[in-house]
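Every number for a ligand or one of its atoms is a count from 1 in the order of the listing. No hydrogens, no waters, no symmetry mates; every other heavy atom, side chains included, goes into these values. Being a predicted model, the structure only gives us computed values, none of them experimental.
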Amino acid sequence: MFDKILIANRGEIALRVLRACKELGIATVAVHSTADADAMHVRLADESVCIGPPPSKDSYLNIPALLAACEITGADAVHPGYGFLSENARFAEILADHNLHFIGPKAEHIRMMGDKIEAKKTAKRLGIPVVPGSEGGVTSDDEAMAIAREIGFPILVKAAAGGGGRGMKVARTADDLALALATARTEAKAAFGDDAVYLEKYLEQPRHIEIQILGDGRGGTIHLGERDCSLQRRHQKIWEEGPSPALSAAQRAKIGETVAAAMRELQYLGVGTVEFLYEDGEFYFIEMNTRIQVEHPVTEMITGIDLVLEQIRVAAGGDLPARQADIVINGHAIECRINAENPVTFRPSPGKILHYHPPGGMGVRIDSAVYQGYVIPPYYDSLVGKLIVHGKTRAECLMRLRRALDEMVVDGVETTLPLFRALVREAAIIDGDYHIHWLEHYLAAGDVKS
Ligand code: ADP
C-alpha cells in the first residue's frame, strides 16, 4: 500500500479522497492555490503545499509544481480526483518517470478513451453497442454530407476532443449541416486546441445511462450497476440517480456484463464509467470516463462499496472488493449537485457563505468542502456540495430528498436549491419519466423562481 498520497485537486473531491486515505491509514498531502489557502482540504490534510496563483493552469494544472510538492513531502502516489489532470495520460507517464504512482488507469487506456473517435472504435471492437455515425473524423463538408444522408437527419456534430458538452452542434436538416460543422470546429479549436469533429445520429428522447466499473488491471473486472444522469442542462448533469427508473434487473445485468467483459479484455485498472444513451430499449455508447466521477456516491449508497477507497487499493496492486455474484443493488439513491448559481439563469454566484446548515438524518449524505464563513472563489467550478439521499425504494428516497432539500440552508450566495425543491415535486420526476432534453423544456416553461 502507499505511504503518502498527494491529492492533486481541491473542493469536495479533495476532501472525499482525503477521507478514504485516513480510513486506510495513509498520510495525506493537500496542494492548493493562493485562493484556496483557507480551504477545508488544506485544513484536514496532514501536510499542505501551495502550488501557485489562482488560475488553474498555474496551480492545479501545473505539473512541475506538483512534482516538486511530491519531492518535498515524500509522497509516493498522486490521486488526481476528477477534472484537472485526472484524464491526462501524459501526467500519468511523467509521474511514472519520477517513480510516483498515478492513482488511475494505465496511460494507454486514458489516451485511448480521451480521443472520442478512438474510444468509439475500441468500444465497437469490444462488442459494446455504439451510436450510428461516421466511422472516424470527417474532414470535408462533402464527406460529412454524404455520411449524414446515409445516417439520416437530425445529425449531431461532436468534437473528437470533446468534454463538458462543448463543441457539439445539432443539424436538423441538410441545410443546417455546413453551419453546424463550422461552429463545432471553431468551438472545439477554442476549447481543446483540436478541431477534429465526427458525426452521430442525434437521438431525440434518450436517457443518459452509465455503467460503473472497477478493474484490478489483471483482467479482473466487476460492474456496479448504473446511474441515470438524464437530467442535464447544456449537456451537464445536475441530478443523478440509481438504479435507473427505466431499466429492469435483466437489462442491467446484460449491459453490465457486456461492459465488464470489454474491460476484462482491456485489463482495465481502477474505476471507470462507460456512458450510454438509451432509447427504445437499445444502448448506444457515447464515451468512457477513465476517472472517479462527480456522481460516484450514488453507486456507493446502493452497493455499499467505497469506490475511492477501492480505487486506491487496486492502484496499489490490491484485489477487487467483491465478486460479481456478490454485488447486490440495495434500494435507491439520488444526488443533487447544489451549485452557487442563479437557479434560473445559472449565472455563477461566488462569494461568502454567511449561514450554512447541511441537512442530516437517516439516509442523508453531504459531500461538500464548504463551511459557514467560507468564501467561494470565482476561479473554479461553482459546486457548493452534493446532497445524496438513500432510501429502500425510489419513493422513500424522494420523500427523504424533499425533506432534506427543505432543511438545507446556504445563505449569502445564490444556489440551485430552489430548482431542486421544485423538481422533486414535479410529476415527471416523481414518475421517473424524463429524458435528456426534459430539463431544458421544463426550464423554458419558467416555473422556477430564484
Ligand atoms: P461530453 O464529453 O462533452 O460530455 P458526451 O458525448 O458525453 O460529451 O455527451 C454529453 C451529452 O450530450 C449526453 O449526455 C447527451 O445529453 C448529449 N448527447 C451526446 N451524444 C448525443 C446524441 N448522439 N444524440 C443526442 N444527444 C447526445
* Once the angle between the rings of Phe84 and Tyr60 is folded into 0 to 90°, is it parallel (under 30°), tilted (30 to 60°) or perpendicular (over 60°)? -> parallel
* To do: Taking atom types as modelled, find out whether Gln251 and Ser248 have a side-chain donor-acceptor pair closer than 3.5 angstrom.
  => yes
* To do: Distance to 0.1 Å, residue and atom name: give those for the protein heavy atom nearest to atom 11 (C) of ligand 1.
  => His235 ND1, 3.7 Å
* Structure fact -> side chain to side chain donor-acceptor pair (under 3.5 Å) test vs Arg111 passes for just one of Glu87, Glu93, Glu118, namely Glu93
* Determine whether any heavy atom of Gln236 lies closer than 4.0 Å to an atom of ligand 1. => no
* To do: State whether Glu210 and Arg227 are salt-bridged, where the test is any N-O pair (Lys NZ or Arg NE/NH1/NH2 against Asp/Glu carboxylate O) under 4.0 Å.
  => yes
* What atoms of ligand 1 come within less than 4.0 Å of a heavy atom belonging to Leu156? -> 19 (C), 20 (N), 21 (C), 22 (C), 23 (N), 27 (C)
* **Interfacing atoms of ligand 1 (cut-off 4.0 Å, heavy-atom, His208)** => 14 (O)
* **N or O contact, Leu203 vs ligand 1, cut-off under 3.5 Å** => yes
* Structure fact -> For Lys116, the ligand 1 atoms with a heavy-atom partner under 4.0 Å come out as 1 (P), 2 (O), 5 (P), 6 (O), 8 (O)
* Contact (N/O only, under 3.5 Å) between Tyr202 and ligand 1 -> no
* Taking only heavy atoms of Ile436 into account, list the atoms of ligand 1 that are under 4.0 Å away from them. => 15 (C), 16 (O), 26 (N)
* Asked: Can Lys158 be said to touch ligand 1, with heavy atoms closer than 4.0 Å?
  -> yes
* Structure fact -> One finds that the ligand 1 atoms under 4.0 Å from a non-hydrogen atom of Glu287 are 1 (P), 2 (O), 4 (O), 5 (P), 7 (O)
* **Nearest neighbour in protein (non-hydrogen) for atom 3 (O) of ligand 1** => Gly165 N, 2.5 Å
* Hey, are Glu257 and Arg264 close enough for a salt bridge, meaning a charged N less than 4.0 Å from a carboxylate O? -> yes
* Would you mind listing which atoms of ligand 1 come within a distance below 4.0 Å of any non-hydrogen atom of Met168? => 3 (O), 8 (O), 9 (O), 10 (C), 12 (O)
* **Nearest-neighbour protein heavy atom for atom 23 (N) of ligand 1, which is reported as residue plus atom name and distance** => Lys201 O, 2.9 Å
* **Proximity of Tyr434 and Tyr442 rings by center, below 6.0 Å** => no
* Verify the ring-centre separation between Phe102 and His109: is it less than 6.0 angstrom? => no
* Between His332 and Glu241, a side-chain donor and acceptor under 3.5 Å -> yes
* Minimum side-chain heavy-atom gap His296-Lys386 below 4.5 Å -> yes
* Nearest to atom 16 (O) of ligand 1, what protein heavy atom do you find, and at what distance? -> Gln232 OE1, 2.7 Å
* Asked: Looking at ligand 1, does any of its N/O atoms fall within less than 3.5 Å of an N/O of His437?
  -> no
* Structure fact -> ligand 1 atoms nearer than 4.0 angstrom to some heavy atom of Glu275 are 7 (O)
* To do: May I have the step-by-step check of ring-ring contact (aromatic ring centres under 6.0 Å, His included) for Tyr380 and His32, ending in yes or no?
  => CA-CA 12 Å; Tyr380 315 107; His32 65 91; over 10 Å; no
